[in-house]
Amino acid sequence: MSMRRRTLLKVIVLGDSGVGKTSLMNQYVHMKFTQQYKATIGADFVTKELQIDDRDVTLQIWDTAGQERFQSLGVAFYRGADCCVLVYDVNVMKSFDSLDNWHEEFLKQANPTDPRTFPFILLGNKIDVDGGNTRVVSEKKAKDWCASKENIPYFETSAKEDINVDAAFHCIAKTALANEREQDMKQYGFIKQWRFGYDHYLVLHFSLHSRDL
Amino acid sequence: MMSVRVKKKCILSKDEQKTSQGKPLTPTEDARSPKGASEEDSDDEFYDAERSDPVQDSPTSGSGSTRTGGGADDAAPTESLFPWKEELEVLVRGGVPMALRGELWQAFVGVRARRVENYYQDLLANETNCGNNTEQQRLQSDSKGSTTESIGGPEKWKGQIEKDLPRTFPGHPALDDDGRNALRRLLTAYARHNPSVGYCQAMNFFAALLLLLMPEENAFWTLMGIIDDYFDGYYSEEMIESQVDQLVFEELVRERFPKLVNHLDYLGVQVAWVTGPWFLSIFMNMLPWESVLRVWDVLLYEGNRVMLFRTALALMELYGPALVTTKDAGDAVTLLQSLAGSTFDSSQLVLTACMGYQNVNEKRLHDLREKHRSAVIAAVEERSKGLQAWRDSQGLASKLYNFKQDPKSMIMETNKTKANGDLSHSESGSTNSDEVLISLTGDADTGAVPDLQEQVVWLKVELCRLLEEKRSAVLRSEELETALMEMVKQDNRRQLSARVEQLEQEVAELRMALSEKQEQENAMLQVLMRVEQDQRVTEDARRFAEQDAAAQRYAVQVLQEKYEEATASLAEMEKRVVMAESMLEATLQYQSGQSKVQPSPRSSHPDSSARSNQEPQQEIPARKISILSRPFGLGWRDRNKGKPGNVDGPNDAKPSNEGQNTEIPQKDTNDKETNGKDTNEKELNGRDTDDKGTNDIEEQHKE
């Protein structure tokens, strides 16, 4: 009887240029990896449908351009996001250092209702490169950073070798869904319940009338 | 070859004029290029002498201004000079031949007028020959113009350029190592030429395309023309013009395709999500190659960004109907992206763009841009300010966080710095508070150097104490604030929980009411069904009863008829009995008389004598015989038994038959002379042939 509602979740992928945002997205959505990616201009967009706890969910993933100046165009993209994915390259310290900047920039521009609880996820990408010998950001360092930001979940991934990509995006979807639910509860809970009651009243009313006829 | 050159020159000069005419604000627009040049001069003083750019620029700008001053209708002078302008426009819109594209694009952009000998080489030489010294010099000169760029310096572009080199048309055969090196040189040179833009992603694609079409240096000048003139302010750090254009475009779409925009609004889609990347990349990677080149032909020929808008509007026109059918934001964006990517009919696109949107011109766009620019600038300023404020507050928070986390270590650190100020320099802390501390100690250092070491120490101690005090005060205030927040939250929570409880109760009540109602409904339903069943049964019974009644009524009617017939026939028979008795009496009397007179002759010829004299008397015995013997009557009755037509049954057959039969003698009595014989014959025949008799009787009965 109850119709299954498809939930739309908007996910923004942020991070320095060249950390592999597009690759991660492509690996997740198209199960493909190529060395030959074009630089993303402005933003790119893909969708992926999946199921979380028996709920149909459509992930709208916005892949953004990494160059800092494109942030000024971010307002249009960030607004209404359900989750923000931060990506850095474990082999490039600078990409880790600028996470703070991305984090702030996002919160500033997306302007979520509660910045403290807005869901972020951190992905440390390219763990496959050179067998991890070129790695400069340790897992501990990344986790410490996550702990300092309301304990955001952390995944170490490789878009090339397809390590942890699905798990990471699943977590992203779940977190976004939880956030969306919370928002729903806060904002529309009453209305929904009222509507539920009203619909039933109508049905009852109608059925009684039809009997009379 | 020469003719092409000459033609090119003409186009070139014409183009220069056109750009100046096309822009209503010629003074400012024209002033820009010399201004840009002067900026360049300030950037690199060395090349001042070699630069002939301003000299070349001045005549064109001069002619431009006179032309615009001469008349508002700019078409007239142009046409007088170049009567084939329209023809050329048509040709360009029809698509420039691939072999000439490089040359023509250079002509459209005005490479000849821009070109300065050795400028490109010098920009590049800057990197290779001069080491850090020049870099620093450049930095200093940069800082005059824009302080922001000087922070990152050329390294900032370099890193981004290096990242993007392999990501520019990856796998293209022309972009091998040499090709990539050329691309690197080109982008680096441009970044140095115009530090306010530096390098912006998307330029790598433009540069690569130009490199595929023309020699490296020409590509540089073309790129410079496109970015500096066509897309001035587009790719700079703030990207203000780009944002302005998106607002302008949205307004145009809103005006042209209200239905589509309504739908997109409903889905929560902003047109800029898709068109932003279109504009920034000038459709590169967004449309099929052929279409991109055709759009570039017109765009470069026209000398402004009008073609961007026209093309985007044409795409909206082409794909709007499909977009209106989408159900959610994701579908809409994906569809528009994929449809744009399959716009293979480049001629249709360019034609729709150029012919369909002629009223979207530079003047109109200029007005619209003016309208929206202030909002964008305000937003950008607010953003940078807000971001700064945000960062400050975040910095404070993180400081507090650190302080809370480990106050002892912080104090230790401060102690350490107190003991040895220089040491803290080497310890480049990762937290903001440390940086603050370092900078402060650094300041203290420089301030105290001329005086005594003790003073330094004392100042440092004082500073640290103050800092700590401030920190504790801030901490206290923060704590109070959080406590307050907590209280407010708790209060809220209590209220909310009360509300939730209340709502839950309501819901429970509603549910109960619902279930009760449902039960009632079920009960009513059952009763209703029972009643309906009963009703159906009674209805059936009634119908059966009605049928029975009808049948019985019919039977009664039939019986009544039979009864009437029977009584009638009884009456007849009684009459006949009376008649027969009287006749019998008469006969007996006669016989008694006859037997006395002549007993023998009657027995020998009874028929002949009777017929000649006493016909009626003769007849009666015959009749009597017929009545009494009833051979045919019974036969008729037997026959009727088998026939379904006469449902009257065997009961009424006899009386009716008798009735019929009795009628015949009645007739006989009425006219004995005429019919007597016939009936006699009939009777005789009837006795012989049963069939005939029955038929007759049937006919009579029917009548």
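These numbers come from the heavy atoms of this one structure, side chains and all, not from hydrogens, waters or symmetry mates. Source: prediction; values computed, not measured.
A:Ser17 and B:Arg167 share a side-chain donor-acceptor pair at under 3.5 Å.
Contact of B:Glu238 with chain A is made through the backbone alone, with heavy-atom distances under 4.5 Å. A:Lys10 touches chain B through its side chain: at least one heavy atom from C-beta onward sits under 4.5 Å away, while N, CA, C and O do not. Only the side chain of B:Asn204 comes within less than 4.5 Å of a heavy atom in chain A; its backbone stays farther off. For chain B, no part of A:Thr34 is nearby; none of its heavy atoms comes within less than 4.5 Å.
In the displayed structure, A:Lys174 atom NZ is contacted under 6.0 Å by at most 12 heavy atoms of other residues, nucleotides or ligands. Counted within 6.0 Å of CE on B:Met529, heavy atoms from surrounding residues, nucleotides or ligands total 12 or fewer; the atom is thus considered open.
Atom CD of B:Glu237 sits about 6.5 Å away from atom CD of A:Glu68, to the nearest 0.5 Å. Rounding to the nearest 0.5 Å places CE of B:Met239 at 11.5 Å from CD of A:Gln71.
Two residues are said to be in side-chain contact when any heavy atoms from C-beta on lie closer than 4.5 Å; B:Lys163 and A:Val19 fail this criterion. For the pair A:Ile41/B:Met284, no side-chain contact is recorded, criterion being any heavy-atom separation below 4.5 Å from C-beta on.
For the set B:Ser236, B:Ala272, B:Ser242, the entry with the most heavy-atom pairs within less than 4.5 Å of chain A is B:Ser236. Per-residue counts of heavy-atom pairs under 4.5 Å with chain B were compared for A:Ser72, A:Gly80, A:Gly66; the largest is that of A:Ser72. Most heavy-atom pairs under 4.5 Å with chain B: of the set A:Lys94, A:Lys38, A:Arg79, this distinction falls to A:Lys38. When each of B:Ser281, B:Ala329, B:Cys200 is scored by its heavy-atom pairs under 4.5 Å with chain A, the top score falls to B:Cys200.
Considering every non-hydrogen atom in both A:Ala43 and B:Pro277, the closest pair reads O-CG, 3.6 Å. In plain terms, the two heavy atoms of B:Gln243 and A:Leu73 that are nearest each other are CG-CD2, 3.4 Å.
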Intermediate values then yes/no, side chain to side chain contact (heavy atoms under 4.5 Å, CB included), B:Gln160 and A:Asp16: CA-CA 10 Å; B:Gln160 192 63 55; A:Asp16 271 10; over 6 Å; no
Set out, in order, the CA-CA distance, both residues' side-chain angles and the distance that settles side chain to side chain contact (heavy atoms under 4.5 Å, CB included) for B:Asp328 and A:Gln60, then state yes or no. CA-CA 10 Å; B:Asp328 70 58; A:Gln60 300 180 347; 4.0 Å; yes
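Legend: residues meeting side-chain contact (heavy atoms from CB on, under 4.5 Å) with B:Thr334, ordered by chain and number and at least two apart, are A:Phe45, A:Thr47.
A:Gln67 places a side-chain N or O within 3.5 Å of a backbone atom of B:Tyr199 that can act as its donor or acceptor partner.
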